[in-house]
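First comes the structure, then the notes that go with it.
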Amino acid sequence: MSQSADAALQSMIDNLAAKTGKPLADWVGVVKKSRLVKHGEIVAMLKQDHGIGHGYANLIAHQALGSDALSVAKGGSDLVAEQYAGPKAALRPIYDLLVKKIEAFGSDVELAPKKAYVSLRRSKQFGLIQASTATRVDVGLNLKGVAAKGRLEASGSFNSMCSHRVRLESAKDVDAELVGWLRQAYDKA
């Protein structure tokens, strides 16, 4: 995780108690007592039952599940390697090509690996890369106001943090059209 991402995370953790009345450890305790184990259910519970905003609820859920990059890093895991292991190993060249294209946008691109996907950030998240199946990588994009058309699908239930999704089955799917959408999302971030 980059230093700016570390600083942003620490700032959120520091501000959590002031915004919600409880420090992170207490909120993790609330989640543990709830016995919920799915990220989305935890986020929904924190928002509905405790009035917590989405960003803080997401942070608490990841911490409670140990699925945030810092928790996994403490265990010495390589989140990206784990995402592209086993049956998904053949998808790694797609991921690597995407990263090469995205990093060319600017020095402010941040790749923030999570347990199931890699968040693409600038000043805020503009997309994500996820090995969704053994044969497909999905690219989520934040392109609010852009009509879904053709390969650029509405994200639907794929990921609530993205407005659109593009499905990739091979490195040839990482074409100029996709790079253009990624660049547009990056420019808006």
Side-chain angles (χ1 to χ4, degrees), residues 1-84 95 98-99 102-103 106-132 137-144 155-165 182 185-186 188-189:
M1 191 182 272
S2 72
Q3 285 193 333
S4 61
D6 284 342
L9 176 62
Q10 190 57 54
S11 177
M12 262 188 99
I13 292 169
D14 292 344
N15 292 328
L16 180 66
K19 296 281 186 183
T20 66
K22 293 181 185 174
L24 181 58
D26 290 358
W27 284 115
V28 169
V30 168
V31 171
K32 298 290 184 195
K33 287 179 186 170
S34 77
R35 295 200 169 142
L36 295 173
V37 294
K38 291 188 177 181
H39 180 86
E41 292 173 347
I42 294 168
V43 170
M45 178 271 297
L46 290 168
K47 290 168 71 173
Q48 292 168 4
D49 296 354
H50 300 281
I52 295 177
H54 184 81
Y56 285 120
N58 190 48
L59 167 71
I60 295 163
H62 276 301
Q63 290 280 318
L65 295 171
S67 60
D68 62 299
L70 288 176
S71 296
V72 175
K74 288 177 186 174
S77 297
D78 179 343
L79 293 171
V80 174
E82 288 178 9
Q83 290 172 28
Y84 294 92
Y95 172 82
L98 281 165
V99 168
I102 293 164
E103 286 182 332
S107 61
D108 59 348
V109 170
E110 277 182 42
L111 302 174
K114 311 293 186 214
K115 197 168 186 176
Y117 62 90
V118 175
S119 176
L120 307 173
R121 299 184 52 80
R122 190 175 187 189
S123 57
K124 63 180 184 174
Q125 180 171 303
F126 65 89
L128 62 84
I129 304 169
Q130 176 176 306
S132 296
V137 171
D138 287 334
V139 175
L141 297 161
N142 286 327
L143 289 172
K144 291 185 174 102
S155 67
S157 63
F158 164 64
N159 188 296
S160 64
M161 305 270 303
C162 298
S163 60
H164 295 78
R165 166 175 63 178
L182 282 160
Y186 165 84
K188 288 183 173 191

Q) With no hydrogens and no angle check, is any side-chain donor or acceptor of Gln83 less than 3.5 Å from a backbone partner on Tyr117? A) yes

Q: Mind checking the NZ-CE spacing from Lys19 to Met12? Nearest 0.5 Å is all I need.
A: 10.5 Å

Q: If a pair satisfies side-chain hydrogen bond (donor to acceptor under 3.5 Å, both in side chains) and one of its residues is in residues 43-57, list it, with sequence neighbours excluded.
A: Lys47-His54

Q.
Under the criterion side chain to side chain contact (heavy atoms under 4.5 Å, CB included), I'd like the reasoning laid out for Glu103 against Leu111: C-alpha separation, chi angles, the key distance, then a yes or no.
A. CA-CA 9 Å; Glu103 286 182 332; Leu111 302 174; 3.5 Å; yes

Q.
Can you list everything that forms a salt bridge (Lys or Arg N to Asp or Glu O under 4.0 Å) with Asp108? Sequence neighbours excluded, please.
A. Arg122

Q) Can Phe158 and Gln130 be said to form a side chain to side chain contact (heavy atoms under 4.5 Å, CB included), step by step? A) CA-CA 10 Å; Phe158 164 64; Gln130 176 176 306; 3.8 Å; yes

**Q.** Rounded distance [0.5 Å steps], CD1 in Ile42 versus CD1 in Ile60
**A.** 10.5 Å

Q | Member of Leu98, Leu182, Val99, Asn142 meeting the side-chain contact (heavy atoms from CB on, under 4.5 Å) criterion with Leu120 | A | Leu182

Q: Mind checking the OG-CG spacing from Ser34 to Leu46? Nearest 0.5 Å is all I need.
A: 7.5 Å

Q) Does the side chain of Cys162 reach to within under 4.5 Å of the side chain of Gln125, using non-hydrogen atoms? A) yes

Q. Roughly how far apart are Leu16 CG and Gln63 CD, rounded to 0.5 Å?
A. 9.5 Å

Q) Can you name the residues that form a ring pair (Phe, Tyr, Trp, His ring centres under 6.0 Å) with Tyr84, not counting sequence neighbours? A) Tyr95

Q.
If I take atom CG from residue Asn15 and atom CG from residue Leu24, how far apart are they, to the nearest 0.5 angstrom?
A. 12.5 Å

(Q) Are the side chains of Ile129 and Val137 in contact, using a 4.5 Å heavy-atom criterion? (A) yes

Q.
Can you confirm whether Val118 sits close enough to Leu128 that some side-chain heavy atom of one is under 4.5 Å from a side-chain heavy atom of the other?
A. no

Q. Is a side-chain donor or acceptor of Asp138 paired with a backbone partner of Arg165 at a separation under 3.5 angstrom?
A. no

Q. Can you name the nearest heavy-atom pair linking Ala64 to Val31, along with the distance?
A. CB-CG1, 3.5 Å

Q.
Does any part of the side chain of Tyr186, heavy atoms only, come nearer than 4.5 Å to the side chain of Val109, both counted from C-beta?
A. yes

Q) Does the Lys188 side chain pair with the main chain of Phe126, one donor and one acceptor, at a distance under 3.5 Å? A) no

**Q.** Exam field: side chain Ser163 to backbone Leu141, donor-acceptor pair closer than 3.5 Å
**A.** yes

